[in-house]
Structure formats: structure tokens, C-alpha cells
Protein chains: 2
Amino acid sequence: MPRPGRGQGMGRGGGFRDPQQGMLGGRLRGHGHRLTGPRRVILSVLESARDYLSAEEVYMAVYADNPGVGIATVYRTLQMLAEIGIAERVDTGDGKARYKLGPVEDQRRRVVLVCTNCSRSTPITTGTDDTEAVIAQLERMTAEQHGFRTNRTVVQLYGLCEQCEKQYGG
Amino acid sequence: MPRPGRGQGMGRGGGFRDPQQGMLGGRLRGHGHRLTGPRRVILSVLESARDYLSAEEVYMAVYADNPGVGIATVYRTLQMLAEIGIAERVDTGDGKARYKLGPVEDQRRRVVLVCTNCSRSTPITTGTDDTEAVIAQLERMTAEQHGFRTNRTVVQLYGLCEQCEKQYGG
DNA sequence: GTAGATGCAAACTTTTTGCTGGCCC
DNA sequence: GGGCCAGCAAAAAGTTTGCATCTAC
């Protein structure tokens, strides 16, 4: 995967007017971290993302407007955000970790659709779904039958996505 | 992670008397693959494993008796075994894929309990369970809501196993 | 002012791939 | 004997780390 070359430095501490950034900045400082320029940009990218983003995707989006930010900073920031619970880290099995803003407790249960043809993995947002109830039932059953206390559940559905299904003429 | 240095070559096609190997060899040939020496050893390692093994763990076990087998062969074999359904691949989120022998067609739906304390992963045999019905429902729902045709489902429950639960005094 | 963050480059880890020679069927 | 498969080594791909500089607080 190609990476853009090095930029010529960004204007550090660019002005953001996003009210949420103040909130997030507070949470960062509460954990002894600082709200720096690069971090503002990364947070901004995550905020405007609907799906989970890989580190590279975040880096690309950041790079578009701020070529000076290094990929190491992206990795370090994502790691930090996940550590203090501002972002959720997810491993979809393709070797890339993916991140998404959001309280971890709301994403305790996760369903991922993995297409065995095109390799695309699509996280499904549970929580508003009935899937939530189904998974809860599964957790209850394993607790009863195996004495296992589940904290987090990941369901991977392997199969064909809508596009590839058509292509195969299923 | 240190890796053992290169060995001085193995006796290819070592004699095995494991009756299961004949069966597995047949399944390999049925898919147009061959049962070679290194593959016998790798299969033997997987057979005697109770848990999921990472590629490196398989390589280490293979290396103990057959230092001549390269790690590339381990990767290629594991990949092939997973492809034809003789082994199951699982991504536990630590960046390493793990493999375990097991007929996928008999276990199209799999539930694995992963203890976040002791790191042990325990496969649960579905099929006679109610879990089967619950997962089937999940698959039905994603088909309806996302047009996704599921062929195989892996559920990973992360939490505390019975032993660690006691230890923590939950 | 100082602890922490940054950019850069290089190291590290896991997995894949190209190549030449060798072995299974 | 032919095509799959082996070992080796190097590359790929993702992530982490060391270091000098810089900056948010």
C-alpha cells in the first residue's frame, strides 16, 4: 500500500470551532494528555467518519489537509484514544486494526460481515438492532452452560456480500 | 520474537502411522493437494494440539523435531488447510492468526470462549446446542437487513472463564 | 519551564512471494 | 515425468520505537 511522501510541516495548533473538541480535549487532559494540533485533526477525522477507520485511512484523511502529520503520530494517537476509552479498537481479521470514536460500553457487542470473495469487512452497528438481543441470549446461554462471564462479544459472519452475491449469480 | 536458526534439512516423507493422516491425506488429494513430509508434520502438530495455535507456535513445535521445515511452508500449509476446510482460522485480535484442526462443514457455526485473563480459548461444540438456533437467527437477520449470505459464522466471547472468575472473586 | 508530543527514520513483527531445485503421485 | 511443493531469502504490510526538537499547559 503506497504512502504519500513527507510534507513540509503543518501549522501546529490550527483553530477549530468544533464544540465537541472542547469536550474531548477535556477528557484527554483528564487523563494527563494534551490536545495538540495533530490530535485535533485526527479527532476531527474520526468525528466525521461513519465507519471504523484503519490507521492508514485516518492518515490519508489527515494528510489531505495536513501533510505534515506523521503516520507515527496517527498510530500513537489512535492507541492513546483507545486506551482512555475515547475510541474503540477493532480487529476485523484482515491484519489492520480499525478505530471509531465512541464509548466502549456502547459497542460491547460487535457483528462484522466478512465477504470471502472481495475481502471487505463491514461492521454492523448493533445497539439499535435486534442483533443485540440475540447476542445477549447467546451470552446468557454460555454463562449458564459453561460458567463463562462474557465482557465483549465479536461475531464474524463469513459469506458473500450483496455485490459479490449478484456477481456469482447465486 | 526470536526465531530458531536454519536447520540442516529434514528427512522428507518421514513415516507416520497415524490412521487419521490417511484420512486427511485423502481430503488433501481430493482438493488437488499432496501429502508431503512437512505437511504430515504440521498436521501431526495440529492433531495433538488442544487449543488454537499461532503460525509461530506451529513452527516451533515442528522445528523441535524437524528443523528443516521453513516457516514459509508452515504459513502456506496453514493457509491451505484453512482454505479447504480442514483447519479453522481465527483472529483473536493480537495480530496473530490462530489455527485448529476441525471439519468446518460439521461446525459451520462456531462459538469460542476467550478468557481475557489466562488467554485460553475454548471452542464450544454447537450443533446439539440451542446456540445453533440463536446463531441461525442472527444469520437470518443480517441476510434480511444487509443482503449478506452467510456461509460460516464465528462467535468469539471475550470474558472470564470459570477458574479466573473465581480467582478474581467476581 | 517541563513533561509530554511530534516528525522522521529505522526497527520489528507477522505474513507473503519469487526463485530454484526436489519430491509426490 | 510433470506439476505441485520445498527451503531460502527478501519483500510487503502494519505497527512500534529512538531520538532530537518543539509545544501545550
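Note that these values count all heavy atoms, side chains included, but never hydrogens, waters or copies made by symmetry. In the text below, chain A, chain B and the rest are named by the order of the sequence lines, each starting its count at 1.
The phosphate of D:dT16 has neither OP1 nor OP2 within less than 4.0 Å of any side-chain N or O from A:Tyr75.
Between A:Lys96 atom NZ and C:dT13 atom P there is a gap of 22 Å when expressed in whole angstrom units. Atom P of nucleotide D:dA13 and atom CE of A:Met60 are separated by 12 Å, given to the nearest angstrom. Put simply, CD1 on B:Ile71 is 9 Å from C1' on C:dT15, counting in whole angstrom units. Between the CZ atom of A:Arg40 and the C1' atom of C:dT6 there is a distance of 15 Å, rounded to whole Å. Rounding to whole angstrom units, CZ of residue A:Arg29 and P of C:dG4 are separated by 15 Å. Atom-to-atom, CE of A:Met80 to P of C:dG4 comes out at 13 Å; the value is rounded to the nearest Å. Rounded to whole angstrom, the span from the CG atom of B:Leu78 across to the P atom of C:dT14 amounts to 14 Å. Here C:dT13 presents its P atom at 15 Å from OH of B:Tyr59, a figure rounded to the nearest Å.
Side-chain atoms of B:Glu57 come within 3.5 Å of backbone N or O of B:Ser54 as a donor-acceptor pair.
The side chain of B:Glu56 lies closest to C:dT14 when the candidates are C:dT16, D:dG18, C:dT14. Considering only the side chain of B:Thr36, C:dC24 comes nearest among C:dC24, D:dT15, C:dG7. Relative to the side chain of B:Thr73, the nucleotides D:dA6, D:dA24, D:dT15 differ in distance, and D:dA6 lies closest.
Remark: A:Arg109 engages A:Glu139 in a salt bridge, criterion side-chain N to carboxylate O under 4.0 Å. Salt bridge B:Glu162/A:Arg149: absent, no basic N to carboxylate O contact under 4.0 Å.
Each of B:Thr77 and A:Gln79 has a nearest nucleotide on DNA chain D; the 5'-most of these lies closest to B:Thr77. Along DNA chain C, the nucleotide nearest to B:Arg89 and the one nearest to B:His33 differ in position, and the one closer to the 5' end is contacted by B:Arg89. Each of B:Ala72 and A:Arg76 lies near DNA chain C, and the nucleotide nearest A:Arg76 is the one positioned closer to the 5' end.
At its two ends the helix from C:dG1-D:dC25 to C:dC25-D:dG1 runs along axes set 40° apart, each axis drawn from five pairs and the angle rounded to 10°.
Between the side chain of A:Arg34 and the base of C:dA3, at least one donor-acceptor pair of N or O atoms lies under 3.5 Å.
Taking every heavy atom of both residues into account, B:Gly70 and B:Tyr59 meet most closely at C-CE1, 4.0 Å. Heavy atoms only, all atoms of each residue included: B:Tyr158 and A:Phe148 are closest at C-CE2, 4.0 Å. Residues B:Ala55 and B:Val74 share a closest heavy-atom pair of O-CG1, 3.7 Å.
Taking the side chain as every heavy atom from C-beta outward, B:Leu138 and B:Thr150 never approach each other to under 4.5 Å.
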